[in-house]
Amino acid sequence: MRVLVMLDGTVTDAETPLIRVDDLGITRGDGVFETILVVGGKPRELGPHLDRLARSAAMLQLPVPDRAAWERCVQLVLDNWQGGDEMALKLVYTRGPEFGDGSPTGYAMGLPIGEKVRAARESGVTAVLLDRGYDPEIVARAPWLLLGAKSLSYAVNMAAYRHAESVGADEVIFVATDGSVLEGPTSNVVTATGNTLRTTPPSSGILRGTTQGALFRAAERAGWVTKVEPMTVRELKDAEAVFLASSVRKITRVHTLDGVVLPDSSALHKELNALYESEY
Ligand SMILES: Cc1ncc(COP(=O)(O)O)c(C=O)c1O
């Protein structure tokens, strides 16, 4: 069950070939995207996702996304969805065909959420630390590296997942060359120690997470202290609990890190998940 709507409002068959072969999104990964969780017909954090789409587009110097057109496009996907209670809503915005009239390509797609991701919300995951190969200092100096943009160039992120699988792990936590913790290939890292939740800062070249943002909002209201600051690998390993946060996986518990079983955080996971859900 999939629903595809082009940015001009055309509802179309997801099986039909539609993208031109010279689209720069395909030939160069030159574009941006978002993945939004929809539950019971309601998209979560739509505003922050559209804000981030605009931020990513600005970093790639793409035309400013037409927010009203995206909102209409999203609504059409919601109206046409006949799948289950949950949907992953993907927005894709590319520089368009290389030999076209310069118009960008945009579409929104409603997709079912994979069983593996849904199961991991309950069971938790094993994660490995992998070198991401950059020093956070480069972020400000080299904006052309697009660190922190949600660009379509996710081949490295997907390769990291394949590597993790080859060593028997489900997930990845990237580490910078200065030893600081970054993010997962498609998630943010959140730790809990005492009454404090921590995540790593966007200034280190990571994506500002909408799920982490929602969790921290709810946690602050419930009396938690929240911190967005650099984190060393030692601090990660010493935390009482480690979680990966993203739209489709919600708040997923890491139960094993680099082969070491972490203390049982199921109760804390339940508490944080309830806080996150209380936002909706
Ligand atoms: C690299 C990266 N970091 C973090 C996230 C989490 O962001 P969000 O919670 O907004 O889904 C994602 C989402 O896919 C991601 O790709």
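Both counts, for ligands and for their atoms, begin at 1 and track the order of listing. Numbers here are sequence positions counted from 1.
For ligand 1, the protein residues within 4.0 angstrom (heavy atoms only) are H49, R52, K150, Y154, E183, G184, P185, T186, S187, N188, L207, G209, T210, T211, A245, S246, S247.
For F33 and Y154, the ring centers are positioned less than 6.0 Å apart.
F216 is linked by a ring-ring contact (aromatic ring centres under 6.0 Å, His included) to nothing, counting only residues two or more places apart in sequence or in another chain. Applying the salt bridge (Lys or Arg N to Asp or Glu O under 4.0 Å) rule to D131 yields no partners; only residues at least two apart in sequence or on another chain are considered.
Partner of L91 under the side chain to side chain contact (heavy atoms under 4.5 Å, CB included) criterion, chosen from L50, T35, L7: L50.
The nearest pair of heavy atoms linking V5 to C73 is O-SG, 3.4 Å.
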Donor-acceptor contacts, no H, no angles, side chain residues 136-144, under 3.5 Å, sequence neighbours left out:
none

